[in-house]
Protein chains: 2
Amino acid sequence: MTAAGKHQASRPLGRRLERAGIRDVAAAAGVSITTVSDALNGKGRLPDATRRHVREVADRLGYRPSAAARTLRTGRSGLIGLTVTTYGEEPFTFTEFAYFAEMARAATSAALARGYALVILPASSRHDVWGNVALDGTVVIDPSDHDPVVTELVRQGVPVVSDGRPAGSLPVHAWVDNDHEEAVLGILDHLAAAGARRIGLLTGTSTDTYTRLSTTAYLEWCQRVGQEPVYEAYPAHDPCAGAVAADRLLARPDRPDAVYGLFDPNGTDLLAAARRYGLRVPDDLLLVCCSESGGYAGTDPPITTLSLQPRRIGTAVVQLLIDAIERTEGIGPAHPVQQVMPTELIIRASSQRRPHRTTVSPPRGPARGE
Amino acid sequence: MTAAGKHQASRPLGRRLERAGIRDVAAAAGVSITTVSDALNGKGRLPDATRRHVREVADRLGYRPSAAARTLRTGRSGLIGLTVTTYGEEPFTFTEFAYFAEMARAATSAALARGYALVILPASSRHDVWGNVALDGTVVIDPSDHDPVVTELVRQGVPVVSDGRPAGSLPVHAWVDNDHEEAVLGILDHLAAAGARRIGLLTGTSTDTYTRLSTTAYLEWCQRVGQEPVYEAYPAHDPCAGAVAADRLLARPDRPDAVYGLFDPNGTDLLAAARRYGLRVPDDLLLVCCSESGGYAGTDPPITTLSLQPRRIGTAVVQLLIDAIERTEGIGPAHPVQQVMPTELIIRASSQRRPHRTTVSPPRGPARGE
DNA sequence: CGATCTTGCAGAAACCGTTCTTCCATAGGG
DNA sequence: CCCTATGGAAGAACGGTTTCTGCAAGATCG
């Protein structure tokens with residue numbers, strides 16, 4: 001065959017120094033390329049002797065299959081994108097920082113455990129970067145209303161799973177989120193039970209679902225229990241604005257006697273503001289904030305925090321995504337899979353008026369009666 | 001030509017649905033594949049009319065060049081690995097967490113700005129993951145003594161730049177680090193100037209260069225000024241051990257009247273311990289810790305921190321790496337490029353004995369005299 | 001007017017691992 | 001004894017891009 005002849009002939013001169021290729025292994029082992037591939041990937045029908053021999057030769061030659069070639073042929077890169085909606089030009093959000101870090105960590109672990117690696121790709125990336133990397137799927141943290149990148153990806157058939165329920169009609173394949181309403185209601189009830197009469201809220205001005213759902217839950221709760229809402233909203237991506245907002249909240253004439261802060265730094269912000277106004281926590285002011293930072297166990301007083309459990313979420317998101325990727329590339333379910341994860345309220349001194357009275361419960365029985 | 005004929009003939013049946021390839025664009029535009037490639041990459045000698053036409057057709061077809069194919073051909077993936085030495089099984093270190101997050105953020109930005117994306121790849125990853133992704137280079141944070149992954153990468157000719165000077169004789173292409181000795185000496189002098197008589201150190205048991213250099217600097221300083229060293233070392237990756245070590249340090253009979261903590265959580269750890277022993281900060285105990293957390297501005301009292309400037313380091317590391325990658329693939333300098341970055345001491349109340357006396361400096365002149 | 005240079009574009013090799021198809025040989029069944 | 005089933009392995013196609021080579025035609029120059 002002319003084609004074959006030409007191909008063979010051109011081989012030697014095209015050979016560069018560089019690493020050993022599959023051909024070299026085949027030649028060294030005295031078998032065909034196919035046999036090498038099959039032996040290394042455990043695929044064909046080969047006697048164990050051949051398999052062992054090929055593996056040994058490959059090892060000796062320091063053979064590493066080319067990731068690029070494999071990706072080209074199989075259409076799988078083993079790469080998962082991790083996207084964060086950005087405020088401003090920085091690739092990550094400042095506000096949910098500890099959250100993001102924890103979540104990313106868990107996601108990385110989970111992906112690695114299944115043989116995938118994570119690529120950090122902020123939504124605001126130059127478009128060419130998105131085009132230049134072959135992704136098997138993408139995790140989107142807190143997708144914004146009609147994220148162009150996400151829509152584009154979905155249109156191209158790339159599986160997308162979001163952390164946080166998608167706003168608008170973003171066609172993600174699945175999402176994972178906390179039950180934010182329930183979490184807020186739980187906190188408000190907790191504060192009310194601790195004796196709060198007027199609970200304030202420190203919230204954000206952005207339109208993401210977390211902020212929106214939490215705020216509405218607060219407003220509804222107020223309406224239900226007949227309390228006038230007392231809240232301050234600030235641009236959550238501005239680290240200084242939080243301190244200012246906390247101050248404003250405590251400076252109000254209708255000053256709350258308990259506050260829940262939606263963002264991580266709100267705990268210290270509020271604590272500092274309380275100190276300025278001579279308010280003792282928890283005696284004059286009960287405090288809770290949403291944070292993943294362990295630092296709140298060591299403040300004076302320790303502050304009750306709501307954990308969104310980013311580790312669980314990160315793991316779940318990646319599992320869902322990889323499931324979608326590996327679901328024979330076939331089209332997934334029409335409706336996105338949705339998974340709601342629990343939150344955890346870590347109760348510390350700042351939200352308990354009585355100074356740590358250990359209540360001994362009765363020996364047995366459902367000690368429910370008051 | 002037989003070869004050509006065969007190739008052409010086999011084309012139609014191999015065609016799958018899927019996205020438009022470069023061939024489709026070529027056909028639709030009525031030009032050759034070469035022309036399409038050149039037009040899109042601005043490479044060949046083409047009249048602007050052709051270029052525009054091809055671009056337009058490509059746009060209409062929604063053509064996206066295949067990243068895998070490009071990588072295969074050019075040998076460049078546009079991907080940079082970000083590796084963290086791990087303690088335990090988690091992919092990142094707990095202790096330097098804020099540091100890591102900030103650093104990663106800056107590195108991501110810097111990489112993106114130059115058209116690269118970052119892949120998170122813990123050193124402890126399953127080996128197959130490392131093999132399955134084509135990296136143009138790798139950033140290694142805090143490389144351990146003889147990291148097998150790093151040596152392997154270097155052997156393969158992949159550029160490696162490390163954050164933190166490499167221990168042992170790890171053959172990295174470049175490294176970036178702070179001047180840890182100078183930083184520690186600066187802090188000790190600062191504390192001494194604030195009236196400290198016996199400065200203690202909260203340090204780690206691990207052998208990384210940061211811990212080692214900082215500790216030696218402390219010991220040397222002690223020897224120089226004739227102070228008996230007072231320190232406690234603990235496994236820095238254990239979040240609880242820090243609190244215990246802080247407690248031990250302040251429980252000692254030769255209790256220090258000033259402490260520098262090498263790790264991020266040490267500030268709160270020490271503050272809590274001081275509170276337990278009834279020590280007032282800064283009156284009875286001066287405090288400094290190394291941290292990137294802005295939270296220390298809001299503690300009571302605010303704590304003086306040493307910032308390692310992870311943002312600058314992350315940026316520098318990536319710049320160095322990409323320079324190495326793009327240096328015509330040629331062999332870089334024999335000696336690794338080394339770049340020492342400044343640290344910043346953010347002085348707050350915890351390390352100043354006088355309660356914030358605003359010293360008005362004389363109108364002009366080098367007011368240096370005492 | 002012929003020779004050389006430039007421009008505009010096409011052809012095909014190369015990249016490299018996987019997969020599809022084909023082929024051989026041997027053993028077992030009819 | 002022939003046919004088939006199956007284990008074992010080889011060969012070629014494939015994927016999509018870049019890049020090197022090279023060919024025509026028009027432009028320039030002597």
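Naming convention: chains lettered A, B, ... in sequence-line order (proteins, then strands); numbering from 1 in each chain. Being a predicted model, the structure only gives us computed values, none of them experimental.
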Worksheet item: Checking all strands, does D38(B) fall into the base, sugar-phosphate, or nothing category for heavy-atom contacts under 4.0 angstrom?
Response: base
Discussion item. Taking L46(B)'s backbone N and O only, do any of them form a donor-acceptor pair with T50(B)'s side chain (distance below 3.5 Å, no angle check)?
Written reply: no
Practice prompt. Would you kindly say whether T34(B) and S37(B) are connected by a side-chain donor-acceptor distance under 3.5 Å?
Written response: no
Discussion item. Please report the distance, rounded to the nearest Å, between CG in L40(A) and P in dT18(C).
Written reply: 8 Å
Worksheet item: Looking for any heavy atom pair under 4.0 Å, which part of the strands does L46(A) touch: base, sugar-phosphate only, or nothing?
Response: sugar-phosphate
Worksheet item: Roughly how many Å is it from NZ in K43(A) to P in dT18(C), rounded to a whole number?
Response: 8 Å
Worksheet item: Near DNA chain D, under 4.0 Å by heavy atom, which residues of residues 27-36 of chain B?
Response: I33(B), T34(B)
Item to complete: Have a look at R64(B) and say if it touches a base, only the backbone sugar-phosphate, or nothing, with a 4.0 Å heavy-atom cut-off.
Response: sugar-phosphate
Fill in: Under 3.5 Å donor-acceptor pair, R45(B) side-chain atoms to dG8(C) base atoms
yes
Practice prompt. Could you grab the distance from atom OG1 of T83(A) to atom CD1 of I120(A), nearest 0.5 Å is fine?
Written response: 10.0 Å
Discussion item. Give me the atom names and distance for the closest heavy-atom approach of I22(B) to Y63(B).
Written reply: N-CE1, 3.5 Å
Fill in: For atom NE2 of H53(A) and atom C1' of dG8(D), their distance in whole Å
16 Å
Worksheet item: Between the base of dT17(D) and the side chain of R73(B), is there any donor-acceptor pair under 3.5 Å?
Response: no
Fill in: Check: S77(A) main-chain N/O paired with D136(A) side-chain donor or acceptor under 3.5 Å
yes
Worksheet item: Does a side-chain N-to-carboxylate-O contact under 4.0 Å join R55(A) and D48(A)?
Response: no
Worksheet item: Through what angle, rounded to 10 degrees, does the axis of the helix from dC1(C)-dG30(D) to dG30(C)-dC1(D) turn between its ends, using five pairs per end?
Response: 50°
Practice prompt. Please confirm whether any donor atom in the side chain of R70(B) sits under 3.5 Å from an acceptor in the base of dT17(D), or the reverse.
Written response: no
Response to the item:
When rounded to whole Å, the CG to P distance for the pair L72(B) and dA14(C) reads 14 Å
Practice prompt. Would you classify S37(A) as touching base, sugar-phosphate or nothing, given that sugar-phosphate means primed atoms plus P, OP1 and OP2, and contacts are heavy atoms under 4.0 Å?
Written response: base
Worksheet item: When all nucleic acid strands are considered with a 4.0 Å heavy-atom cut-off, which category describes T50(A): base, sugar-phosphate, or nothing?
Response: sugar-phosphate
Item to complete: Please confirm whether the backbone N or O of R70(A) pairs with a side-chain atom of T74(A), one donor and one acceptor, at under 3.5 Å?
Response: yes
Worksheet item: What is the distance, rounded to the nearest whole Å, between atom CD1 of I22(B) and atom P of dG16(D)?
Response: 11 Å
Fill in: H173(B) NE2 to L321(B) CG distance, which is reported to the nearest 0.5 Å
9.0 Å
Worksheet item: Taking R51(A) for the side chain and D38(A) for the main chain, is one N or O donor matched with an acceptor at less than 3.5 Å?
Response: yes
Worksheet item: How many Å lie between CZ on R23(A) and C1' on dA10(D), as a whole number?
Response: 14 Å
Discussion item. If you compare every side-chain N and O of Y63(A) against the phosphate oxygens of dC16(C) (OP1, OP2), does one of them come in below 4.0 Å?
Written reply: no
Worksheet entry | Salt-bridge present (R114(A), D323(A); N to O < 4.0 Å) | yes
